[in-house]
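The analysis underlying the following values was restricted to heavy atoms, covering all of them including side chains, and did not include hydrogens, waters or symmetry mates. Quick note on labels: first sequence line is chain A, next is B, and so on, each numbered from 1.
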Amino acid sequence: MVPGIFKQRLLKGLMWGLALVVAFLILFPLWWIFVSSITPAGELFSKPIRYWPRHPTLESYRYLIEHAGLLSKIGSTAVIVGLSILIGMVVSVMAAFAFARFRSKGLSIAVAFLLASMLIPDVVTARPLYDFLRSVHLYDTYTGLIVLYISGILPFTILILQNYLNDIPVSIEESASIDGCGFFQSLFYVTLPLLRPALATVCIVNFITCLNNFFTPLFYSNGISVLSTAITQLPLRDNMYAVPWDLVSAMGWIIILPILVFVAIFQKQIMEGIMAGGVKG
Amino acid sequence: MYASKKYLTVAWILVLPALLIRIFTTIYPIIETFRISFFDVKLLRGTNEFVGLQNYIDLFGDSKMLTSLSFTAIFVIGSMAGHLVLGIALALILNMKFAGQKMLRTIVLLPWAMPMVVIAMASKWAFNNDYGLVNDFIRWFAPSFQLDWLIHTNTARFAVIAVDLWKDIPFFAILILAGLQFISSDIYEAAKIDGAGAVRSFFRLTLPLLAKSILVLSIFFTMWRITSFDVVYAMTSGGPGESTALIAYRVTTEAFTNLNTGYAASIAIVLFLVMAVLSGISMSATKRVDY
């Protein structure tokens, strides 16, 4: 039937059009931020906006490195995010394993408690937590920040790993123990390797979560500055514009670029991670 | 194999680090918030006395608080309406088979992966009348358009909601997409044979089958909206006036800027109770609504 085919083509064309609109709406602002970051400050305030810079310059990036301590911020971010993910994973695997393999009333309560604690919003606990961290001298320390970052990723990570572990039959560990494996041996050599895909997925999602954590470094640190808060702490220059837009866009792009690359590489795992967390959580 | 008493001790040792971290970062502080919400703690004046429910009573007469509450309500409702309509539409697009579909799914992940602060800072610039992206875009269609979005109450509120939608709709769509992929295509085949068109099968099949995940997702997204903080922090600082001071933003300004700790704690507790009620609804919804 000719009309049927025509209708199908029309539908396909429409879908294509809509897909392009969506892609444009997402990508164009990112392009604009990029262009703003390589446009000289003076040219930035030109009308109409030029979406292709006439005199591209890396001046803003150089300024960030020389005057805004960009490299040390990248260093702090790497240390905090790296250690948080690493330690967070170890702590989560331990807990998830216990929750998936052992049954007792106390443990059920502990799981319920962990999940319920997800409901407590950051803002609700901010002030007492701030005072507490000061009193134990963990405010503005790497240790303090790392503990808070870990805390942020724990519930989600435990939930996903536990779901995954539930699908791995206990009999595999049992047969390992019959073959002479001890408890920890079977955990390390049998269970963990099976858990690898889930670990990778959770790691990737946690990386984004930690990188984007804004609330924690904003309220619980002052001297230690990470990339996500750096964009609000740029040095003001005395001109008519209160906010140094060239620096803001450069800093924004420095944060966005690795994320673009990362998402492009790990698209599949990120999608799986989000879906597993979203649908079951 | 793991049933014996000896192993139960091992289990608790394994769980302990996670439990301790969560207790110190969430449970202890929320109990403390609850306690100080009954005190008049003003760090600037050094007051610290028990006032019972006075902080809670003050909430009702505080015009700033009422503005925050009303904007939070507008923000949640506006944002969720956008999520439901545009998010489901986007999910349907992502579920279609066409060349470039994989590429589009990757692109759609980007807003989710980017920090809200970066987006909010860029938006502040994007909504500038003279040099911003938004008006430049509008001027392609209406060359004489002039509007400074962030200095008027209504347009600033609209801008905040728009930014929130840009950042979060793709994420919502991905989660809806997950639900869509669980629906087997056989059902649509059968509906087609029975003579149902695309629109009809969307409203009669897709939506009802997705009802449960849409409901649960909506509750979760509502909860995230209620605690939204960084978008207004970086974009409007709650302004103009107090018109975009979301409730979560209000809590932090009371607690960290005005140093009105007791009062901030009482707002925080109200916020927490709202979250608790919503999650209760969410849990019973997960259990009851089924297809």
Taking every heavy-atom pair that is under 4.5 Å apart, which of Trp166(B), Phe272(B), Phe137(B) has the most such pairs with chain A?
-> Trp166(B)
So do the side chains of Val123(A) and Leu271(B) get within less than 4.5 Å of each other, counting heavy atoms only?
-> yes
If you draw a 6.0 Å radius around CZ in Phe34(B), do more than 12 non-hydrogen atoms from other residues or ligands fall strictly inside?
-> no
Cut-off 4.5 Å, heavy atoms of chain B, and the answer for Phe262(A) is neither
By a 4.5 Å heavy-atom criterion (distance strictly below it), what part of Leu133(A) contacts chain B: side chain, backbone, both, or neither?
-> neither
Is chain A contacted by the side chain of Lys124(B), its backbone, both, or neither, given a heavy-atom distance below 4.5 Å?
-> both
Tell me, with the steps shown, if Ile274(A) and Leu109(B) meet side-chain contact (heavy atoms from CB on, under 4.5 Å).
-> CA-CA 10 Å; Ile274(A) 295 179; Leu109(B) 273 176; 3.6 Å; yes
Report yes if some heavy atom in the side chain of Met114(B) is under 4.5 Å from a heavy atom in the side chain of Ile255(A); otherwise report no.
-> no
Side chains of Ile93(B) and Met15(A) in contact at under 4.5 Å (non-hydrogen atoms) | yes
Which portion of Ala264(B) sits near chain A, non-hydrogen atoms under 4.5 angstrom = neither
Proximity breakdown for Trp112(B) and chain A, heavy-atom pairs closer than 4.5 Å | both
Min side-chain heavy-atom separation Pro115(B)-Ile259(A) under 4.5 Å | yes
With side-chain contact (heavy atoms from CB on, under 4.5 Å) as the test, would you mind laying out the steps for Val15(B) and Met94(A) before giving the verdict?
-> CA-CA 6 Å; Val15(B) 171; Met94(A) 284 161 54; over 6 Å; no
Flag side-chain contact, heavy atom, 4.5 Å: Leu107(A) against Leu8(B) | yes
Quick one: of Leu18(A), Ile158(A), Leu218(A), Val248(A), who has the most non-hydrogen atom pairs under 4.5 Å with chain B?
-> Leu218(A)
Heavy-atom distances under 4.5 Å only: say whether Met116(B) touches chain A with side chain, backbone, both or neither.
-> neither
Ring-ring centroid check Phe214(A) Tyr233(B), cutoff 6.0 Å = yes
Heavy-atom closest pair (Ile107(B) atom, Ala23(A) atom, distance to 0.1 Å) is CD1-CB, 4.0 Å
Intermediate values then yes/no, side-chain contact (heavy atoms from CB on, under 4.5 Å), Leu110(B) and Leu27(A) | CA-CA 9 Å; Leu110(B) 290 173; Leu27(A) 292 179; 4.0 Å; yes
Apply side chain to side chain contact (heavy atoms under 4.5 Å, CB included) to Val111(A) and list each qualifying residue two or more places apart in sequence or on a separate chain.
-> Phe99(A), Leu115(A), Gln162(A)
At a heavy-atom separation under 4.5 Å, does Leu90(B) approach chain A through its side chain, its backbone, both, or neither?
-> side chain
Structural part of Met121(B) lying under 4.5 Å from a heavy atom of chain A | both
Residue pair Asp122(A) / Thr227(B), side-chain heavy-atom distance below 4.5 Å = no
Note, Phe219(A) side chain near Thr252(B) side chain (heavy atom, < 4.5 Å) = yes
Answer whether the closest heavy-atom distance between the side chains of Val251(B) and Val124(A) falls below 4.5 Å.
-> no
Val134(B) versus chain A, the contacting section by heavy-atom distance below 4.5 Å = neither
Is it the side chain or the backbone of Leu133(B) that comes within 4.5 Å of chain A heavy atoms, both, or neither?
-> both
Which answer fits Leu273(B), side chain, backbone, both or neither, if we ask what part of it has an atom under 4.5 Å from a heavy atom of chain A?
-> neither
Tabulate, in ascending numerical order, the residues of residues 18-31 of chain B having at least one heavy atom closer than 4.5 Å to a heavy atom of chain A, or enter 'none'.
-> Ala18(B), Leu19(B), Ile21(B), Arg22(B), Ile23(B), Phe24(B), Thr25(B), Thr26(B), Ile27(B), Tyr28(B), Pro29(B), Ile30(B)
Taking Trp245(A) for the side chain and Tyr131(B) for the main chain, is one N or O donor matched with an acceptor at less than 3.5 Å?
-> no
Taking the inter-plane angle between the rings of Phe215(A) and Phe229(B) on a 0 to 90° scale, is it parallel (under 30°), tilted (30 to 60°) or perpendicular (over 60°)?
-> perpendicular
